[in-house]
Structures are given as structure tokens and as C-alpha cells.
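Inspection log for the structure reproduced underneath, given as C-alpha cells.
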There are 2 protein chains.
Amino acid sequence: MDDGDGTRSRKVTLKDVAQLAGVSVATASKALNGRANVHPDTRRRVVETAERLAFTPNTLAQNLLSGQSGTVGLVTNDLEGRFSIPILMGAEDAFGAGKTSIFLCDAREDPIRESYHLQALLGRRVDGLIIVGSRTDPRPPVPDVPVPVVYVYAPSENPADLSFVPDNVGAGRQAAEHLITLGRRRIAHIAGDPTYAAARDRVQGVDEAMAAAGLELVDGHAAHGTWSESWGRAATRTVLDRSPDVDAIVCGSDQIARGVLDTLRDLGRDVPRDVSVVSFDNWEILATGARPQLTSVDMSFERLGRRAAQAIFDAMDGKTASGVHTEPCRLVVRGSSLEGA
Amino acid sequence: MDDGDGTRSRKVTLKDVAQLAGVSVATASKALNGRANVHPDTRRRVVETAERLAFTPNTLAQNLLSGQSGTVGLVTNDLEGRFSIPILMGAEDAFGAGKTSIFLCDAREDPIRESYHLQALLGRRVDGLIIVGSRTDPRPPVPDVPVPVVYVYAPSENPADLSFVPDNVGAGRQAAEHLITLGRRRIAHIAGDPTYAAARDRVQGVDEAMAAAGLELVDGHAAHGTWSESWGRAATRTVLDRSPDVDAIVCGSDQIARGVLDTLRDLGRDVPRDVSVVSFDNWEILATGARPQLTSVDMSFERLGRRAAQAIFDAMDGKTASGVHTEPCRLVVRGSSLEGA
DNA sequence: TTGTAAGCGTTATCAA
DNA sequence: TTGATAACGCTTACAA
């Protein structure tokens, strides 16, 4: 960071390279950018000089010319980054690491903070915005901005906006179908917080699959509660109390499932032999730490991130899209629902 | 995004504002930036025009002049974002939301990907770099870069670099002292993966506290294993087998603690009455879902993020620092170690 | 093949 | 009080 005499070294510019290589800035630019009509010797000299000086072109200056910043803003609202990081990774993959850089801002569910971040991002001339919510319920759209906006996980209330959300109905269907395929017939559903669309959608999916198979949930319907282990524990007692012959439980989330597993164990039921358990989220830390490990439906966050990135690319090319797009989820089978166990 | 005739509207520049307000660009700039020597009427007119056009100054252009980009790169290596998001939040707080924006890149423990991101960040002229590792073991420094670099969680191998890490030794001490204060005397330690500095440091801290109190761990020393619930379960059986009268267990992580709690329950021990349990990480989802809820030592990631941000500010002001700085952790008491229970 | 000059959007200096 | 001008680092006609 120092240039030897104690002062921070001024950053190397193209001018420095050109001077040292004994050419004009224009020629240096062409040489480094692989333009035609540059003498091979000249090009070599410039390239070598640039390397020697560790020249890094100032992307800001390039962007000022091109009008594109090669950056995207990702505004998140989920405290733990459980959604955002996988979405970020998916977006990075789609953009190509290094090609486009991502500003990650945490709005912490605070509209004021969000608009503050938005302002900063627009000032930095991001080429697009990805808005990530903490729940799949529709959210108010961000105020009109001059760049493409994509909503992920939480869709925009405005159908003219473009949103990508996981297919929770399909996830519910997959979970139930899996259990039915295993031969389970007396299935209970301990669902999540009914104020969340995700909870209701999963319930709907489960109900659909049951109906399609000509089955009915024990108790007739899902039991809604909260997204917590303690709810899973409490509900399991109720279920076993009322329907001792239950042979499978769909859990609204991995957290709920952890509570369910604990109580099944407390009450002497073997999983998966006596009762198979399936849940949603595939939150690695919870799913693989459980005993047995949890079969769970993954929300495919990375895929959502990739789709969002792709959509921003498309929009930059003028190919705009709109509506709430639903992306498939993925069942991950583990010990809590093993066949033949 | 459209200006009515189907073409994307060109972004509003200061020139547009100036023209419409009937002043020069220079005057418009002064008016908007609160410079002195601008006629109040002129200023009002300019400000109004800017608002009407939804003018957002191009930060890139401003940066080109000032040489400062008002951005910082945060390169992370922890897959789940468990460290990065809190660190990001701490950094955002210290920088002031909106003032400085943060590029978040995930290197995924891949040096090639990391250098790729580094290149992109330097091209964007970030004012500083925060490098986040996934473990507290020293890591190779990034190649020489012309901006301040701060390492968080994983310190740099080079002592001339600046690193902030949690005080795992102190954390171990706090955990053990807490148990000792509660009157526990027959304490076991089920530790984490011994290849991790974090595991060894926590062990050291526990050992120090025990020695200071004139006590010894049951079994004489910590049992090292892996960072998993299954290790916690297995180790607990061994501990109870060899030392049935154990009255407290320090667990190397919340994951381990979850396994420990499960097995204590299986073996009929009441927590916290018979056995108190304390662990490390304070990973909310694990700690609060447990029964009883886990007493755990928080690694203070947000604080680390704030310190890193502050250090970058300082370095930009020429106040450079170096060495591995250790930040205190914070004991969070919950049901697994309640006094008098 | 190379260099000169204009321009991207903004701010600072200085003259009017 | 206002405005013309230069500058930031780079790219790209266009001229040499």
C-alpha cells in the first residue's frame, strides 16, 4: 500500500502505463483491449508495462462512458441471510463472477432503510435491482425506478412487476405424494403460521395431493401454529392423542419437524418405521442434524437467484417480463421417510 | 421505466436539470450541494426542477473526481452467510447506511474465485476490503492491493495485516466461569473439531477457568470430536457412562449442545436441574428451539463488522493498524443453565 | 499503425 | 451571484 517513501501510492492509471510504454493513452487503451490495428510489438510492450505496474482499469471511468455500471443491487430483508446468501450465489453464477458485482444491502424490514438503500444504489447507477423478502406474501412495490426490478421470494403486489417465488403449493404436493407413495395412509399435517402465505400454500398442496389420492388427513385438516419447534412438539402430542394410528406427518417447516421428531421419540414412536416425517425448507443445519435426518422440500433459492439475474439481463436487452413466476421446489429424501424402513 | 413512446428514458443528468431551470451546470451543482453564494431564488428553482425530474446525481461521476468510490468489498467464504450477514450488518451500521455501499462476493472457499472477485472489486475502486473466513484459523493474506484490507473471523497469517477475531479463549472462560458460579463442580467438556483453532481456543479458555477455580474437568480433559449433533449425542453417552455424577457440560457449539441435550433427556437427566449445559455460537435457530433453550456464548459478529468498518475508515485517514485484534464474546443465559433451577 | 480530441456526469477554480 | 473551463480515467471516432 506504500510506495516506499511512506505516502500511499497513487493508483496506476492508463496514462501511467502509456507514458512508461512510450505510447499515447489511446494506443495503450487499444492494445490492452485487444483492438485491431495495433502493432504486435507495441501491444506486447504495453501489456508488459501494464502487468509490471499492476494496472487495473478503472471500471468507474469505463462505466461513465458506457452508461452501464456492471453492478446490481440486492436488497434483502431476511435477518439471517438464510435466503439472501443462496440467492446471491445463484445470481453470481448467472451473472458470471467478476463480470457483474452485487451490492448487498440489508433493509431489515424497515421501509425507510430500504428507500435509503435504494437511493444509494440508484446513485451508483446499478443496472438492476433484486428485492428479496422474508416471506412469500406480496409486498408493496418499490417506487418507480429507472432500472429493471425483480422481486424474489416476496412477490410484488403489482402484477405488472416481475417476481420469482418458490412453488409452495407444489412443494406441499410433493411432500404428500412422497408419503403416499411410501404407502402411508394416515397422514397428519402440522402446519406453520397461518398468517404466512407459505404456510397456507403448503397446506393447499398437501390437501390437493391427498384429494387426488382419495385420502383425507387424519383430523380432516392441517393444524396451524407457529414456525417453531415448540409448536411441533405440542402439536404432535395432540395428534397422537387423537389419532394414535397416524403413520406419517407433514411438517410446515424443518423447525416444526424437529419438534415433531423429538416428541415422537419421547412417545416411543420409531421414525420412519412407525411414522414417516417430511418437512419444508431443507435448512441444512436442522435437517441433517436431526435423528433420523429429515426428508425436506428444498426451496431452490439458488435457482431463484439465477432466474432473477437472468431476468435482469433480459430486461437490459429490452425483453421485459412481468407477473409472479413460480419455481419448482425439490424433495430431498433422508432418513425420516426412508422406503422399506 | 418508459418515457411514453416505448423507449427507455435516458437517465436524468445535471445538465437536464440546469437547462430546465435555466442556469448553468455549475450553478445547478452548487445549488443542489448547498454551496454558498447561490441566490435563494435560483437555488429553489434548481432544487424544484431536480425533484420534478427525479434527478439522482451520478455517484460514479462524483467518485471519478474525488478518487473515492464510497464502496467497500466484502469477500466471504462461509456458505450459509451465518457470519457474513451479521458482519455485513455491523459494517453497514458503522459506515452509515447509504453513505458507503457494500459489494458482497462469495468466494466459496475457492482461491481462484476469490482472486477473481478481488480483481473485480479493485477495478470498481473499492475504498477497502473486508475478508471474511469460515474459521478462525489464520489464512494466507490476499495479494498486495492498493486499498486497506481487514480480515474478519479468519485472521491473516501475516502479522502486519489487520485482523479481527472473536475471543474464543475468553468465550471458553466465560462459559466455564458461568457454570462454576452456578455451583457446578463436576464439569465435562464436549468440544468441537480439534483441527479448528476455535475448538482448541475454547478448550483452552475452559481449562483456564477451571484451573483458576482449582477444579478439574471430569475425565481430566475435553473430548474433541466434530461440529455435529451426532457427536454431541455420542459423547454424552460416554461422559455419563464414565462419570454418572457429572453436573454440567460445556459444549463446543450449539450443534453439539443440541445432541447433548437430546441424549441427556434420553438418559433421564433433567436440564438444568441435574446437568447444566452451556455452548458457543448462540445460533438463534438452534439455541432458542432447544428444550430447554440453550445458554450460549455469542461471537458478536456485528461488533466484528463494526470494528472492521471503523478500521477501514481509519486506514483511509492514514491511521493504519495491524495485528490480530481479539473482540470479546457475550454470554447469553437461557434455560439450560438457569440459576436455582 | 499511431496520436489527437471529444465526451461520459460531476465538481472546483476562477474569471466575469 | 453566475458561468466557462478544466479535470477525473477511460474509450472511440477521426486525423495524421
Side-chain angles (χ1 to χ4, degrees), chain A residues 9-47 49-50 53-71 119-120 122-127 146-147, chain B residues 9-47 49-50 53-71 119-120 122-127 146-147:
Chain A
S9 59
R10 193 174 48 77
K11 271 163 203 126
V12 181
T13 73
L14 186 57
K15 198 163 120 191
D16 301 326
V17 176
Q19 256 163 10
L20 237 144
V23 297
S24 73
V25 215
T27 305
S29 172
K30 288 176 210 155
L32 290 173
N33 289 308
R35 284 295 116 75
N37 298 327
V38 176
H39 192 94
D41 289 351
T42 310
R43 190 187 302 276
R44 198 169 23 73
R45 197 150 31 92
V46 171
V47 169
T49 312
L53 297 184
F55 167 68
T56 308
N58 187 330
T59 312
L60 275 60
Q62 295 175 323
N63 296 153
L64 193 52
L65 259 323
S66 70
Q68 307 246 313
S69 69
T71 61
Q119 196 55 34
L122 291 175
R124 305 216 139 82
R125 292 298 185 266
V126 290
D127 297 328
V147 294
Chain B
S9 59
R10 195 173 47 74
K11 271 164 203 125
V12 180
T13 73
L14 187 56
K15 200 163 116 190
D16 302 326
V17 176
Q19 254 163 9
L20 238 143
V23 297
S24 73
V25 217
T27 304
S29 172
K30 285 177 211 152
L32 291 173
N33 289 306
R35 284 297 114 77
N37 298 326
V38 175
H39 192 95
D41 287 352
T42 312
R43 190 187 303 277
R44 199 167 23 71
R45 198 151 30 93
V46 171
V47 169
T49 312
L53 298 185
F55 168 69
T56 308
N58 187 329
T59 312
L60 275 60
Q62 296 175 323
N63 296 153
L64 192 53
L65 254 331
S66 68
Q68 308 245 312
S69 69
T71 62
Q119 196 57 33
L122 292 174
R124 303 216 141 82
R125 293 298 186 266
V126 292
D127 296 329
V147 295

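Protein chains get the first letters and strands the later ones, always in sequence-line order, with residue 1 at the start of each.
Taking 4.5 Å as the limit, every side-chain heavy atom of A:Val46 sits out of range of all side-chain heavy atoms of A:Thr49. Using a 4.5 Å heavy-atom threshold, the side chains of B:Pro57 and B:Leu32 count as separate. Annotation: side chain of A:Thr71 is not in contact with side chain of A:Arg125 (no heavy-atom distance under 4.5 Å).
For DNA chain D, none of the residues of residues 12-21 of chain B falls under the heavy-atom distance limit of 4.0 Å. Across residues 53-60 of chain A, not one residue has a non-hydrogen atom less than 4.0 Å from an atom of DNA chain C.
Rounded to a whole Å, the CZ atom of A:Arg45 is 11 Å from the C1' atom of C:dT2. Note: NZ (A:Lys11) to C1' (D:dC10) measures 16 Å, nearest angstrom. Between the CG atom of A:Asn63 and the C1' atom of D:dT12 there is a distance of 16 Å, rounded to whole Å. Between B:Leu32 atom CG and C:dT10 atom P there is a gap of 10 Å when expressed in whole angstrom units. Atom pair B:Arg125:CZ and D:dC8:C1' shows a separation of 12 Å (rounding to whole Å applied). Atom CG of A:Leu64 is separated from atom C1' of C:dC8 by 4 Å (rounded to the nearest Å).
The heavy-atom pair separating A:Ala28 from A:Ala18 by the smallest distance is CB-CB, 3.9 Å. Taking all atoms of both residues into account, the shortest heavy-atom contact from A:Pro146 to A:Leu122 is CD-CD2, 4.2 Å. The two residues B:Asp16 and B:Thr13 have their closest heavy-atom pair at OD2-N, 2.8 Å. In this structure, A:Leu60 and A:Asn58 approach most closely via the heavy-atom pair N-OD1, 2.8 Å. Here the closest non-hydrogen pair linking A:Val12 and A:Phe55 is O-CD1, 3.6 Å. The two residues B:Leu14 and B:Ser29 make their nearest non-hydrogen contact at CD2-CB, 3.8 Å.
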Please list, for nucleotides 12-16 of chain C, all pairs of protein and nucleotide N/O atoms separated by less than 3.5 Å.
{"residue": "C:dA12", "atom": "OP2", "partner": "B:Arg35", "partner atom": "NH1", "Å": "2.6"}

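Although no hydrogens or angles enter the test, the distance criterion places a donor-acceptor pair under 3.5 Å between the side chain of B:Arg124 and the main chain of A:Gly70. Side chain of A:Arg45 to backbone of A:Ala21: a donor-acceptor contact under 3.5 angstrom is found.
Counting only residues at least two apart or in different chains, salt bridge (Lys or Arg N to Asp or Glu O under 4.0 Å) contacts with residues 19-44 of chain A comprise A:Asp41-A:Arg44.
Residues passing the salt bridge (Lys or Arg N to Asp or Glu O under 4.0 Å) test with B:Asp127, sequence neighbours excluded: none.
Going from atom OG1 of A:Thr27 over to atom NE2 of A:His39 covers 12.5 Å, rounded to the nearest 0.5 Å.
Using a 4.0 Å cut-off, no side-chain N or O of B:Ser66 falls inside it from OP1 or OP2 of C:dT10. Look at B:Ser24 and you won't find any side-chain N or O under 4.0 angstrom from OP1 or OP2 of D:dA4. Side-chain N/O atoms of A:Gln62 include none lying less than 4.0 angstrom from OP1 or OP2 on D:dC10.
Of the candidates D:dG3, D:dA7, C:dT2, the closest approach to any side-chain atom of B:Leu65 belongs to D:dA7.
Overall bending of the helix from C:dT1-D:dA16 to C:dA16-D:dT1, expressed as the angle between end axes built from five pairs apiece, is 50° (10° steps).
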